[in-house]
Amino acid sequence: MTITITAFERSPDGGKGLARDTRVRWALEEVGLAYDVRLVSFRAMKEPAHLALHPFGQIPTYEEDDLVLFETGAIVLHLAQRHSGLLPGDANARARAIAWTFAALNSVEPPVLDLVTAKIVERDQPWAQDRLPLVIDRIRQRLVQLAARLGDAEWLDGAFSAGDLMMASVLLRLRPSGILSEFPSLAAYVARGEARPAYQRAFAAQWAINGAAPQAG
Ligand code: GTB
């Protein structure tokens with residue numbers, strides 16, 4: 001089996017591991033699969049060869065022999081369902097781990113992305129400063145709820161799962177804003193994810209591309 005994923009030729013985050021190829025790399029490392037990476041420029045992402053893999057012209061994509069996937073949720077669940085290490089054996093626990101994967105993508109990531117939109121895309125709008133506190137409040141509400149559910153548990157539902165991988169990946173995106181550190185139990189949860197050897201290998205692999213060399217411009 002040959003696996004190839006795509007990633008930014010150079011991630012705008014300078015190696016913080018916040019681009020979405022990191023979560024796919026992490027999943028691949030958790031299940032112990034080797035993979036190749038094809039780096040793509042922003043321009044190449046919008047060209048026909050890449051659009052044939054990803055209809056929205058984004059990274060990451062996932063190729064496994066004749067299977068092509070896009071969307072990190074689909075890729076991580078594909079890996080989790082076919083290899084051991086990311087989903088529990090018990091059917092109900094498995095269903096709950098899948099629910100947490102969706103929760104990360106559908107209930108937590110959208111407000112987190114809104115912050116990026118508010119801070120960068122909408123920055124010059126006359127109403128931008130008025131909207132920002134509302135966006136931040138919505139994130140805080142979600143994190144209050146998530147922290148309440150996590151309590152003092154190590155992971156969201158028993159053993160580490162694809163749901164934790166996805167949730168920690170989404171929460172990591174909040175770290176530069178300082179909001180994550182307002183929630184010590186969630187910050188510790190993310191740190192536990194980052195401490196996993198599989199995450200360390202995934203981070204190092206993207207760092208070798210994005211962090212080690214000087215940034216353009
Ligand atoms: N829902 C899709 C998925 O989960 O796979 C979203 C994919 C996506 O948004 N990909 C982004 C992309 O290709 C890269 S990860 N963007 C280019 C484009 O749309 O033209 C998003 C990202 C980008 C940069 C940083 N950063 O610099 O911190 C973090 C995350």
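Counting convention: from 1, in listed order, for ligands and their atoms alike. We use all heavy atoms of the structure for the numbers below, so side chains are in, but hydrogens, waters and symmetry mates are not. This chain uses plain numbering: 1 for the first residue, then up along the sequence.
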task = Answer with yes or no after comparing the ring centroid distance for Trp26 and Phe203 against a 6.0 Å cut-off, counting only values under it.
result = no
query = Between Glu29 and Arg23, does a salt bridge (charged side-chain N to carboxylate O under 4.0 Å, His left out) hold up when you go through it step by step?
reply = CA-CA 10 Å; Glu29 294 287 355; Arg23 56 183 76 165; over 6 Å; no
N/O contact list for ligand 1, threshold under 3.5 Å:
unit_1: ligand 1; atom_1: 1 (N); unit_2: Glu71; atom_2: OE1; d: 2.7
unit_1: ligand 1; atom_1: 1 (N); unit_2: Glu71; atom_2: OE2; d: 3.4
unit_1: ligand 1; atom_1: 4 (O); unit_2: Thr72; atom_2: N; d: 3.4
unit_1: ligand 1; atom_1: 4 (O); unit_2: Thr72; atom_2: OG1; d: 2.7
unit_1: ligand 1; atom_1: 5 (O); unit_2: Thr72; atom_2: N; d: 3.0
unit_1: ligand 1; atom_1: 9 (O); unit_2: Arg20; atom_2: NH1; d: 2.8
unit_1: ligand 1; atom_1: 9 (O); unit_2: Gln58; atom_2: NE2; d: 3.4
unit_1: ligand 1; atom_1: 10 (N); unit_2: Ile59; atom_2: O; d: 2.8
unit_1: ligand 1; atom_1: 13 (O); unit_2: Ile59; atom_2: N; d: 2.9
unit_1: ligand 1; atom_1: 19 (O); unit_2: Gln58; atom_2: NE2; d: 3.0
unit_1: ligand 1; atom_1: 20 (O); unit_2: Lys46; atom_2: NZ; d: 2.7
unit_1: ligand 1; atom_1: 27 (O); unit_2: Asp13; atom_2: N; d: 3.0

query = Would you call the rings of His50 and His54 parallel, tilted or perpendicular if under 30° counts as parallel and over 60° as perpendicular?
reply = parallel
message = Within the 4.5 Å heavy-atom criterion, are Tyr62 and Val68 side-chain neighbours or not?
response = no
request  = State whether Phe160 and Arg196 meet the cation-pi test: NZ (Lys) or CZ (Arg) under 6.0 Å from the six-membered ring centroid, and within 45° of the perpendicular axis.
outcome  = yes
Ser11 side chain near Leu18 side chain, heavy-atom distance below 4.5 Å = no
